[in-house]
Amino acid sequence: PPSPPGNGSPPGASSFRNPGGGYPEPCAAMPGTDSSPSRRRASDPSPRWRKASPSPRSGGSAASASGATPPGTPKQDWDAHCEEIIAKLQGWAESEEKRTENADLVLVVCEQLWDLVSDIRVGRGKKSVQSAPMLLRAVLGLMDLKDPKCLFKLARCALALLQVEGAVQGVHAAGVHAAYLNIAKVLFKLSKLEGHDGDFLSAGILGPLLEVLRSDAPECSSSDLRVYVVGVLKNVSQDERNQRFLTQHNAAASLFNLMAADQLTGSSREAQLLIQITATLRNLASHQYKQLLHEERLNTLTRIMALFPGNTELLINVSRILAKLTLHTSACEALAKSDVHLRQIARTLSASADSAPLTLRLAFVLGNLTAKSDRLRVVFAFDCEGTSLVPQLLGKYWQQDRALARIQLEKGREKASGQEEVEEVLVKLVRLLANIAISPSAGSTLASSSAVVDPLLDMLGAKRIEDCEELVLNVVAAVTNLLFYDVPSNLFFQEEHKELLCRLFKPLLRRSYNVEALTETARALGNLSRHSDARKCMSGIRLDEVLVILLDHYDRHLVFYVCGALVNLAADAECTSRLTTICPVVQKLGKLLADAPSTDPALQLVAVKVLTNLSLDPTALWSPGSTEEVRGALEQIVSEASDGEVASEKGKAAAADKDERSQLLELCTHLLSRLPVVEPESAEAAAAAAAGAAEAQNGAEEGMAAPINFLCSVEGCGRHFNSQEKLDAHIERRHAS
């Protein structure tokens, strides 16, 4: 072992050792491949550490309980105290038996060490320079202790002493590096233990570790040392207080400096460090995302994806960073400034199609970007060949899902291994498809592809919303967007596909308690009902009755899109007779107009459009009660517009709002003049008609989710029910303790 500093330490000495050889060997696994297990946050993290002042206190006070040197103590007394501490440490380092016998005393002495180190740093005592290397070796000799409390205090003192010039004078850089490396390995092992995240902050370890990363000194710049130091930061940065500390001390800048894009070559040794860095940045990206949005930092992440196309773990870490960033509009805007980022993400997605975790995250990132920018939709769809890439991936993972479903059926399992992950990939791919379909050029191209249409129809037929809610919702949204393009090449408008869609949508409307699913399905039917054969099918399978029932729903958006589908049905003479006889649509629309707020002209307008279309059929008969109810609602709307009540409430309306109000007033006036004049019915006839309508309505509601008014109040549930009894049964079944 090397001689003590100052006595001619031989070049290349690999570590400090105390005279008894008690300096421990490395004790932690290399973290280059992110070997740390999943960890839970500490339930009772320690308070924030307050840095102790290294300067001596003013005189007049007694020594502290921790054993700090009393103010005014002569230097020789300080030297004697220091020598005594060093002797104790050396004795414990040489004998594990002594450590065990004096466990409490060891902890007390470890607590006193920081005051001693602080005194050495300011030159207290006659022999402080000579004491520094001896104390450092004594501290390093105890780094194999088992007590985490002692190890945190020893590590802090050792890191501070390594910064004292006299403590390492005469020691070769390799020896100093070995000391740093051993401390980092001990701390990495501690960082993998549950419940110690807060201790790294309270013990004052995070600041010195950042200083090590920022240092250009030879003893601090090895890849191995940086891997362990960043590995520690990765493990403890899941704690929110540690995240705040690292953010306040600009840890992101230090980490990006270690992976400057112009210095990377794509070597496996670089990848080990980059895996730890990107995992740490992933933890910091949640709440401190703005620090990652600088152009050069985004370029660095993109450059890493290009340099390491085969390192799946590293690519997943980068994709996780991007996934967290793109949840924010400002991040999407920053990435949209250059198409380089989008193109590289698309290339990585194409090259990594076999990796479900990576495909999942990259599809999510692309979905976020294309949700906010029409330009990026076009760039991805055509410049990045997204219109062929996404259908290819969709077909690949749908086939995997079906294969796993067959295994599940054969073996009688609830879900086959990997099935949930494959389903999550499908969710993200279908969402991405729905987003790029918003672009007219991309949407019409996708709608004409059997590689898109066939899997979507298969999913609607094979997946139930009760089991795969998110997937079914995204599939319906994608189908809705694609149905918007009423062109001959749209495969959804083939006769057999239109009928199939009507039959697939019916159970979603009848049995779903999910408002979003109901709304998306109503939107899809609004697009589909532009075709006469689709309207005929809807009437044939009684979808019109279901839509009329949903006019009573509490959700405004759902009612709005239901009215949109009814506008098309009411314009078809073959459908109006059912709407005015079997379905009490006039009565429900009269009530809707009476209840709709005057501040919602869009909803009023679409309801009046349905009534206007119905009035154009001379054979359609309206009941006297319904006619009068509609008349009263229309007169109220016209009166409010004439009196300027709405204008006084809202002030200056937007141009679109004015347009709607003008059209609404015109249609209301026109409809009032066209309201059918019906001869008064006898009491018996009116009662019979009411009974018939009620019977027809009850038949339509049979087996269907009734208007939903009872909400489950359990946090995170959000289910709705149409009766208190069903709600009580649900709570008993799902949430009873």
Side-chain angles (χ1 to χ4, degrees), residues 480 483-484 486 519 521-532 534-535 538-539 543-553 555-581 583-623 626-641 646 653 655-676:
T480 302
L483 284 171
F484 176 78
D486 195 354
T519 304
T521 306
R523 287 183 62 225
L525 288 172
N527 287 337
L528 191 60
S529 60
R530 289 176 295 177
H531 287 235
S532 60
R535 294 194 295 270
M538 291 171 64
S539 295
L543 263 177
D544 51 356
E545 297 178 47
V546 179
L547 290 171
V548 171
I549 291 169
L550 289 173
L551 288 174
D552 287 331
H553 203 279
D555 186 83
R556 181 264 178 200
H557 295 289
L558 172 58
V559 174
F560 178 84
Y561 289 116
V562 165
C563 287
L566 290 173
V567 167
N568 294 334
L569 290 171
D572 191 330
E574 295 185 11
C575 301
T576 53
S577 60
R578 282 180 49 82
L579 290 175
T580 54
T581 55
C583 309
V585 66
V586 177
Q587 175 188 348
K588 288 182 179 289
L589 288 173
K591 183 177 182 299
L592 173 62
L593 285 173
D595 294 341
S598 59
T599 55
D600 193 352
L603 180 59
Q604 291 176 321
L605 178 60
V606 72
V608 171
K609 284 181 178 180
V610 180
L611 291 168
T612 301
N613 286 348
L614 288 173
S615 71
L616 296 176
D617 183 358
T619 64
L621 298 178
W622 296 14
S623 69
S626 299
T627 302
E628 291 308 309
E629 191 168 1
V630 169
R631 192 190 307 277
L634 294 174
E635 289 174 347
Q636 179 66 26
I637 293 172
V638 172
S639 173
E640 288 177 353
V646 176
D657 188 68
K658 285 184 178 179
D659 236 19
E660 287 176 343
R661 292 189 182 282
S662 174
Q663 191 178 358
L664 175 62
L665 181 59
E666 181 182 349
L667 277 181
C668 285
T669 305
H670 178 70
L671 182 56
L672 279 170
S673 66
R674 292 185 57 86
L675 281 180

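Every heavy atom of this structure was used, including side-chain atoms; hydrogens, water molecules and symmetry mates were not.
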Side-chain touch R578/E545, heavy atoms, less than 4.5 angstrom: yes
Sorted by chain and number, sequence neighbours left out, side-chain contact (heavy atoms from CB on, under 4.5 Å) with E635 holds for R631, L672
Who pairs with L592 by side-chain contact (heavy atoms from CB on, under 4.5 Å), at least two apart in sequence or on another chain? V559, C563, L589, L603, A607
Between OG of S532 and CG of N568, what distance do you get to the nearest 0.5 Å? 11.5 Å
Could you go step by step and tell me if L550 and Y561 meet the side-chain contact (heavy atoms from CB on, under 4.5 Å) rule? CA-CA 10 Å; L550 289 173; Y561 289 116; over 6 Å; no
Atom CD in Q663, atom CG in L667: separation rounded to 0.5 Å? 5.5 Å
How far does CD of Q587 sit from CG of L551, to the nearest 0.5 angstrom? 11.0 Å
I'd like to know whether NE2 of H557 has more than 12 heavy-atom contacts from other residues, nucleotides or ligands below 6.0 angstrom. no
With sequence neighbours left out, write down each residue that passes salt bridge (Lys or Arg N to Asp or Glu O under 4.0 Å) with R530, or none if nothing qualifies. none
Applying side-chain contact (heavy atoms from CB on, under 4.5 Å), can you list everything that pairs with S662, at least two apart in sequence or on another chain? none
Checking D617 now: which residues fulfil salt bridge (Lys or Arg N to Asp or Glu O under 4.0 Å) with it, not counting sequence neighbours? none
Which residue, V610, T612, V608, V562, forms the side-chain contact (heavy atoms from CB on, under 4.5 Å) with V567? V610
Could you pull out all residues at least two apart from D555 that satisfy side chain to side chain donor-acceptor pair (under 3.5 Å)? none
Output for pair (K609 NZ, L664 CG), nearest 0.5 Å, gives 10.0 Å
